[in-house]
Participant: 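To start, I am sharing the structure in question, which I have written as structure tokens.
Here is the naming used below: chain letters follow the sequence lines, and residue numbers restart at 1 for every chain. This structure is a prediction, so every number in the text was calculated from the model and none was measured.
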2 protein chains.
Amino acid sequence: MGITKTQIFNEEQNDLAQFFKVLGHPARVAILQYVSNQNACICNDLVEEIGLAQATISQHLKELKSIGLLNGEIEGKKMCYCINVERWETIQNQLNNFFNKTKSNCC
Amino acid sequence: MGITKTQIFNEEQNDLAQFFKVLGHPARVAILQYVSNQNACICNDLVEEIGLAQATISQHLKELKSIGLLNGEIEGKKMCYCINVERWETIQNQLNNFFNKTKSNCC
DNA sequence: TTTTAATATTGCAATATTACGATATTAAAA
DNA sequence: TTTTAATATCGTAATATTGCAATATTAAAA
């Protein structure tokens, strides 16, 4: 099929999986690392930096925006992408909560 | 295409993305939660618990094993799945390291 | 031994993702 | 105004993922 049966899972499970999924591509990991290491916000040297076509980078940026992890601000004909730190921390907390609650075990 | 260009990313980026990707499905999140909440290790009530076909659950378990997050031990004709706590903590640390190193920003 | 139960594997159909060229769009620069 | 540069969107091909029925496999139970 290829279609995920989201209806049979609860909201927490679907949300967590959604975050993980968006972060689950090396280009998106690389974008986040690069954006956070720039002092200036004017990005999109990303295309050169990462080595994927402009259309592809744009698509990955869209996915990172879809979970609120990146904000894009228009600055003339350039875009200023930056990490939404508040959202970032919220997500980190949710993931840690998952890890901490889930690691107890019997073996 | 559908093929990820892993060659153009470094090992850290690919590893992180791989973890995230495996965790990026609600069934796999649910499996981890369920396994960790059982006192006994004898799982696979999972099929009933989660509501996907046996073949599908088996496939998801395989992916979780592929990143070392679950161990499976044969117990007669049953399988005892349990979380590899050491591995679990390693991954949690790596993810936290990524989040902490990456959140600095300019906006 | 034969049966049964638990799990894995195979094969396949449906859908999703990745990547990119081509083509918009839009705002500054000329 | 025309050109140019930066970015987004569209269309599409190649590949991956999800899910399941059917079929192995294997070990205990009968």
Participant: For the CD1 atom on Ile74(A), are there more than 12 heavy atoms of other groups (residues, nucleotides or ligands in this structure) within a distance under 6.0 Å?
Facilitator: no
Participant: To the nearest 0.5 Å, how far apart are CD1 in Ile57(B) and CD in Gln59(B)?
Facilitator: 10.0 Å
Participant: Parallel, tilted or perpendicular: which fits the ring planes of Trp88(A) and Phe99(B), with parallel below 30° and perpendicular above 60°?
Facilitator: tilted
Participant: Could you run down nucleotides 19-30 of chain C 5' to 3' and tag each one B, S or - for protein heavy-atom contact under 4.0 Å?
Facilitator: BBB-----BB--
Participant: Evaluate whether atom CD of Gln7(B) has more than 12 neighbouring non-hydrogen atoms of other residues, nucleotides or ligands under 6.0 angstrom away.
Facilitator: yes
Participant: Begin with the C-alpha distance, continue with both residues' side-chain angles, and end with the deciding distance and a verdict on side chain to side chain donor-acceptor pair (under 3.5 Å) for Asn100(B) and Gln92(A).
Facilitator: CA-CA 9 Å; Asn100(B) 291 333; Gln92(A) 183 176 14; 3.1 Å; yes
Participant: Looking at the side chain of Met79(B), which of dT7(C), dT18(D), dA8(D) is the nearest nucleotide?
Facilitator: dT7(C)
Participant: With a 4.0 Å cutoff (strictly under), does any side-chain N or O of Tyr81(B) reach OP1 or OP2 of dA8(C)?
Facilitator: yes
Participant: Any chance you could measure His60(B), atom NE2, to Leu32(B), atom CG, to the nearest 0.5 Å?
Facilitator: 11.5 Å
Participant: So do Ile67(A) and Phe19(A) actually touch side chain to side chain, heavy atoms under 4.5 Å?
Facilitator: yes
Participant: In dot-bracket, 5' to 3', how would DNA chain C read with Watson-Crick or G-U wobble pairs under 3.5 Å, [ ] for crossing ones and | for pairs to another strand?
Facilitator: ||||||||||||||||||||||||||||||
Participant: What is the distance from CD of Glu63(B) to P of dA8(C), rounded to the nearest Å?
Facilitator: 13 Å
Participant: Report the nucleotide, chosen from dA8(C), dA6(C), dA8(D), that has the shortest atom-to-atom distance to any side-chain atom of Ser58(B).
Facilitator: dA8(C)
Participant: Who are the ring pair (Phe, Tyr, Trp, His ring centres under 6.0 Å) partners of Phe9(B), not counting sequence neighbours?
Facilitator: none
Participant: What is the distance from CZ of Arg28(A) to C1' of dT18(C), rounded to the nearest Å?
Facilitator: 9 Å
